[in-house]
Trainee: 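Before anything else, here's the structure in question.
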Amino acid sequence: MKNILIVGGAGYIGSHTVKQLSNSGYNCIVIDNLIYGHKEAVFTPYFELADLLDKDSLDRVFKKYQIDSVIHFAAFAYVGESVQHPRKYYENNVVGTLNLLDVMLKNNVEKIVFSSTCATYGEPQYIPIDESHPQEPINPYGRSKLMIEEVLKDYHQAYGLKYISLRYFNAAGCSKDKDIGESHSPETHLIPLVLQAIINQDKPIKVFGTDYDTPDGTCVRDYIHVEDLAIAHQLALEKLDKYSGCLNLGTGIGTSVKEIITAAESVTGKMCPIEYAGRRNGDPAKLFATNNKAKNILGWSPKYNDIKEIVSTAWDWELNRKY
Ligand code: UDP
């Protein structure tokens, strides 16, 4: 059985990937510093409290287990905070990843799947976005992810590192069996906030902007189910010997903020209280992917293509949160 090191495996997408890989017969070792992660989300007995900024603690984990490959999720991911505190983001997301790569190379581990983001594209120049779209991120978070994409390309050339960078669009939903789900503190993401507004009618959802150049005036995003992301990570892991490069992970379907609210009202059978607010800084009008490259290279296709089904899994989680 292969040992896969999941860095940031107590987080939202990481924990779903641990579950997916464990169910497929992999042995997952999770590293997390638990700043944002949840110990309850870790479905493997092999958990190591470690921080990417502490190289010795990383090295100890690599010495304790015979690691075959790494999947690296650990990052700070609040766009607004990254604008206020860029140093925090460059240190954790960039220096931390350089440390991880040092320890990997030192221990002869040469395969990594990296969590990247559609935020590396910046303001879209055309839609849908393919992988050759220019990458001009507009905030430090996006830049920190792009820097690591570039580092991985250079390490591939120089040291033969095998890598796949997965550029996620908007991760959403929770595991079908309701054991794990989305739990950020603070929560900033649309779908959980809409569902929380429905539960707590005193706290309306703020719709950020109604004057965008979109069919209903609200922003359009590509919501991809977290279990589809988890499957893509397994496929990427299994492809590392044959392919290194960058892949979009999205459904290719655009859904507006208003459509999310309508879907949530339909799933829950309740009205969502709404407050119309101004635009949020740095939000492009429309972002959605073409996922043809991931289809071709990984043989991956999202199973969840209906936004109501995605919202429905998020609702199951909100009603029965474990953490
Ligand atoms: N959004 C909103 N109200 C909120 C949170 C988000 O209107 O309280 C909008 C936001 O402007 C964006 C979309 O919902 O167009 C998705 O935002 P989210 O923060 O979930 O993900 P992002 O696209 O920023 O990664």
Side-chain angles (χ1 to χ4, degrees), residues 11-13 36 73 75-84 89 93 115-124 127-129 137-146 166-174 181-226 229 248-265 272-289 307 310-311 313-315 317-318:
Y12 175 38
I13 306 170
Y36 289 118
F73 294 95
F76 292 151
Y78 289 109
V79 168
E81 186 189 49
S82 80
V83 177
Q84 299 301 320
Y89 278 69
N93 297 2
S115 297
S116 189
T117 165
C118 64
T120 59
Y121 293 117
E123 191 67 40
I127 288 283
I129 297 177
I138 55 171
N139 52 60
Y141 166 66
R143 277 191 281 276
S144 73
K145 289 289 183 176
L146 178 56
L166 297 174
R167 297 179 186 151
Y168 315 146
F169 283 65
N170 288 55
C174 87
E182 185 167 15
S183 180
H184 297 110
S185 181
E187 187 54 82
T188 59
H189 295 107
L190 180 65
I191 293 176
L193 289 177
V194 165
L195 296 174
Q196 286 162 22
I198 286 175
I199 291 171
N200 181 357
Q201 294 271 325
D202 296 336
K203 286 206 171 154
I205 181 73
K206 283 191 182 145
V207 173
F208 295 144
T210 51
D211 58 351
Y212 284 99
D213 183 17
T214 58
D216 65 20
T218 65
C219 285
V220 168
R221 294 287 178 275
D222 183 336
Y223 295 89
I224 175 79
H225 195 272
V226 66
L229 291 179
N248 282 345
L249 294 180
T251 59
I253 302 165
T255 307
S256 74
V257 173
K258 279 192 180 161
E259 286 170 330
I260 291 289
I261 294 172
T262 306
E265 289 180 333
C272 178
I274 297 173
E275 184 184 313
Y276 292 105
R279 292 184 178 198
R280 188 172 70 175
N281 264 347
D283 264 342
K286 282 184 246 172
L287 274 179
F288 52 94
I307 193 65
I310 294 177
V311 170
T313 68
W315 180 237
W317 171 251
E318 278 310 326

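Here the structure is a predicted model, which is why all the values come from computation and not from measurement. Every heavy atom of this structure was used, including side-chain atoms; hydrogens, water molecules and symmetry mates were not. Whatever order the structure lists ligands and atoms in, that order sets their numbers, starting from 1.
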Trainee: What residue and atom, counting heavy atoms only, is the protein's closest point to atom 20 (O) of ligand 1, and at what distance?
Mentor: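 Atom 20 (O) of ligand 1 sits closest to the protein heavy atom L190 N, 2.8 Å.
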
Trainee: Verify the distance criterion only: is there a donor paired with an acceptor across the side chains of S115 and Y168 at less than 3.5 Å?
Mentor: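 Yes, side-chain donor-acceptor contact under 3.5 Å.
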
Trainee: What are the atoms of ligand 1, with element, lying closer than 4.0 Å to any heavy atom of T188?
Mentor: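 Atoms satisfying the 4.0 Å criterion: 5 (C), 19 (O).
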
Trainee: Provide, to 0.1 Å, the distance between atom 4 (C) of ligand 1 and the closest protein heavy atom, together with that atom's residue and name.
Mentor: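 Going atom by atom, the protein heavy atom closest to atom 4 (C) of ligand 1 ends up being F208 CE1, 3.3 Å.
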
Trainee: Side chains of Y141 and E81 only: does a donor on one sit below 3.5 Å from an acceptor on the other?
Mentor: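 Checked: Y141/E81 side chains show no N/O donor-acceptor pair below 3.5 Å.
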
Trainee: Just jot down the ligand 1 atoms closer than 4.0 angstrom to any heavy atom of V207, in number order.
Mentor: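 That gives atoms 7 (O) of ligand 1.
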
Trainee: Among protein heavy atoms, which sits nearest to atom 11 (O) of ligand 1, and what does the distance come to when rounded to 0.1 Å?
Mentor: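 Sorting protein heavy atoms by distance from atom 11 (O) of ligand 1 puts D283 OD2, 2.6 Å first.
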
Trainee: Locate the shortest heavy-atom distance separating G282 from I138; write the atom from each residue and the value.
Mentor: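 Between these two residues, the closest heavy atoms are O-CD1, 3.5 Å.
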
Trainee: Of the protein's non-hydrogen atoms, which lies at the shortest distance from atom 24 (O) of ligand 1, and what is that distance?
Mentor: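 The closest heavy atom on the protein side is R280 NH2, 2.7 Å.
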
Trainee: Check this for me: does any side-chain nitrogen of one of K286 and D213 sit under 4.0 Å from a carboxylate oxygen of the other?
Mentor: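 D213 and K286: not salt-bridged.
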
Trainee: Check this for me: does any side-chain nitrogen of one of D283 and R221 sit under 4.0 Å from a carboxylate oxygen of the other?
Mentor: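 Salt bridge present between D283 and R221.
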
Trainee: Work out whether the distance between some heavy atom of Y223 and some atom of ligand 1 is less than 4.0 Å.
Mentor: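 Yes, Y223 has a heavy atom closer than 4.0 Å to ligand 1.
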
Trainee: Side chain or backbone of I260 under 4.0 Å from ligand 1, or both, or neither, by non-hydrogen atoms?
Mentor: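 Within the 4.0 Å criterion, I260 makes no contact with ligand 1.
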
Trainee: Start with the C-alpha gap between H184 and Y36, add the side-chain angles, then the distance that decides, and say whether ring-ring contact (aromatic ring centres under 6.0 Å, His included) holds.
Mentor: CA-CA 7 Å; H184 297 110; Y36 289 118; 8.3 Å; no

Trainee: With heavy atoms of V257 as the reference, note each atom of ligand 1 found under 4.0 Å away.
Mentor: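 Heavy-atom distances to V257 below 4.0 Å select 7 (O), 9 (C), 14 (O).
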
Trainee: Without hydrogens or angle criteria, can the side chains of N248 and Y121 be said to hold a donor-acceptor pair below 3.5 Å?
Mentor: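 Note: N248 and Y121 side chains meet the donor-acceptor criterion.
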
Trainee: List ligand 1 atoms under 4.0 Å from I205, heavy atoms only on the residue side.
Mentor: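 Those of ligand 1 that fall under 4.0 Å from I205 are 8 (O).
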
Trainee: What residue and atom, counting heavy atoms only, is the protein's closest point to atom 3 (N) of ligand 1, and at what distance?
Mentor: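 Going atom by atom, the protein heavy atom closest to atom 3 (N) of ligand 1 ends up being K206 O, 2.6 Å.
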
Trainee: What atoms of ligand 1 come closer than 4.0 angstrom to any heavy atom of L193?
Mentor: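 Answer for ligand 1: 8 (O).
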
Trainee: Short list, please: which atoms of ligand 1 are under 4.0 Å from a heavy atom of C219?
Mentor: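 Heavy-atom distances to C219 below 4.0 Å select 15 (O).
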
Trainee: Could you tell me which non-hydrogen atom of I224 sits nearest to which non-hydrogen atom of G250, and how far apart they are?
Mentor: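 Looking at all heavy atoms of both residues, the closest pair is CD1-C, 4.0 Å.
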
Trainee: Identify the closest protein heavy atom to atom 22 (P) of ligand 1: which residue and atom is it, and at what distance?
Mentor: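 Here the closest protein heavy atom is N170 ND2, 3.5 Å.
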
Trainee: State the CD-CD distance between E182 and E318, to the nearest 0.5 angstrom.
Mentor: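 Rounded to the nearest 0.5 Å, the CD-CD separation comes out at 8.5 Å.
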
